[in-house]
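Remember, it's 1-based here, ligands and their atoms both numbered in the order they're listed. Being a predicted model, the structure only gives us computed values, none of them experimental.
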Amino acid sequence: MLVTGIEILSKAHKEGYGVGAFNFVNFEMLRTIFEAADVAQSPLIVQASEGAIKYLGMDMVLSMVYTMSKRHSHIPVALHLDHGTSFESCKRAVDAGFTSVMIDASHHPFKENLELTKEVVDYAHSKGVSVEAELGRLMGIEDNVSVDEKDAVLVNPNEAEEFVKVSQVDYLAPAIGTSHGAFKFKGEPKLDFDRLVEVKKRTNIPLVLHGASSIPESVRQTFLSTGGDLKGGKGVPFDFIEQSIKGGINKINIDTDLRLAFIGQVRKMANDHPSEFDLRKYFTPGMEAVKAVIVERMHVLGSAGKI
Ligand SMILES: [Zn+2]
């Protein structure tokens, strides 16, 4: 059943658990995400980036998600635009039938970010669609980084309070030290949990963690042992994810883990069965591996059994 993002996240915010927001770029990934939610009996957010929409076509994104949400009608699911870059892009998603959009103007100065976010919120709310925005810049932080340097890139709790009050945004992604991709930390993983707790206290809305893939050991092993190269990439450990949820995170974006799990199995198939050319035989082990990653994650996040 397709619902708004805030419907799923306000429950998570009240009860103190996290909901995974999983990216998809094709039918195999989308179908697997839904099947995993069914196994875990978990509410779900599926998200498409502007790149994914360009690749699939807006009509295909919508028809695939509608079909899958009908097939799993008891799973509450929100369709979210990941990292919308402009008002027009968010409007297009709202008009097409997305139930949640992110406007990412975090690279702009505070005032411009606020104005653009407010413009998107006003339009989206008039159509009953929820909105996510981002404050601060996504990048890893290290032990030897000074307080001033941290303040320059991470979210400012005062600003977060004003931003939410003025824009009326539904949920906020505060930069607390995560980054996108497989290479998240130079040294030991480190997130600014104190800052997170302060932002939660000041805003009292669902918060979002971007760049939250964990790169589980089995996924890493398959990827590396089949000839992949992760260049020393490190994910966000599960206990960091659990601590983030305790600190107020309710939406956790996961993309890299799914890609690595899928590609590792495709590569394994290609290595082990060089004469195989049935696409389904490549994709099926990939889908099974992705499903296992998602089901496990839903238990870590606490969303399993919450439908
Ligand atoms: Zn992101």
Side-chain angles (χ1 to χ4, degrees), residues 5-6 8-9 12 18-25 29-30 33 44-56 61 78-86 89-90 93 98-108 113 116-117 120 124 130-141 153-155 160 163 167 169-185 189-192 195-196 199 203 205-215 233-237 240-241 244-245 247-261 293-294 297 301:
I6 194 63
I8 289 176
L9 291 174
V19 178
F22 302 97
N23 287 75
F24 66 96
V25 295
M29 219 49 129
L30 185 70
I33 296 166
L44 182 63
I45 299 170
V46 292
Q47 54 187 20
S49 65
E50 291 174 353
I53 293 169
K54 194 171 169 201
Y55 176 76
L56 285 166
V61 169
L79 172 59
H80 177 78
L81 172 69
D82 192 21
H83 290 283
T85 53
S86 64
S89 171
C90 292
F98 277 59
T99 61
S100 175
V101 293
M102 176 190 190
I103 174 67
D104 181 3
S106 59
H107 49 287
H108 289 302
N113 185 355
L116 182 50
T117 300
V120 171
S130 322
V131 180
E132 172 184 335
E134 181 170 313
L135 267 183
R137 278 185 286 146
L138 283 182
M139 56 189 292
I141 48 171
V153 294
L154 300 185
V155 64
F163 190 91
S167 70
V169 75
D170 298 286
Y171 23 99
L172 181 71
I176 56 163
T178 57
S179 60
H180 291 124
F183 192 80
K184 298 185 188 300
F185 305 101
K190 192 169 168 55
L191 297 179
D192 194 335
R195 198 175 289 257
L196 169 63
V199 170
T203 61
I205 62 170
L207 299 178
V208 185
L209 193 63
H210 281 245
S213 279
S214 297
I215 317 184
K234 273 188 198 139
V236 182
F240 278 46
I241 301 279
S244 303
I245 292 168
I249 293 290
N250 304 108
K251 174 176 180 275
I252 295 93
N253 289 5
I254 298 157
D255 187 4
T256 299
D257 280 347
L258 312 188
R259 299 180 187 199
L260 290 177
V293 167
I294 298 175
R297 199 63 48 88
L301 303 182

Colleague: Out of L9, I245, I176, V199, which one pairs with L207 under the side chain to side chain contact (heavy atoms under 4.5 Å, CB included) rule?
Modeller: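 For L207, the side chain to side chain contact (heavy atoms under 4.5 Å, CB included) test succeeds with only one of L9, I245, I176, V199, which is V199.
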Colleague: Kindly give the heavy-atom pair with the smallest separation between A133 and F163, and that separation in Å.
Modeller: CB-CE2, 3.6 Å
Colleague: Does L191 reach the side chain of L196, with side-chain heavy atoms less than 4.5 Å apart?
Modeller: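 The answer is no; the side chains never approach within 4.5 Å.
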Colleague: Is there a side chain to side chain donor-acceptor pair (under 3.5 Å) between N253 and H210? Walk through the geometry before answering.
Modeller: CA-CA 5 Å; N253 289 5; H210 281 245; 3.2 Å; yes
Colleague: For the backbone of V131 and the side chain of D170, can you confirm whether one donor and one acceptor N or O come within less than 3.5 Å of each other?
Modeller: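 Present.
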Colleague: Restricting to under 2.8 Å, identify the protein N, O or S atoms around the Zn ion (ligand 1) as residue plus atom.
Modeller: H83 NE2, H180 NE2, H210 ND1
Colleague: Check whether any side-chain heavy atom of E50 lies under 4.5 Å from a side-chain heavy atom of H83, and answer yes or no.
Modeller: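 With C-beta onward as the side chain, the pair stays apart.
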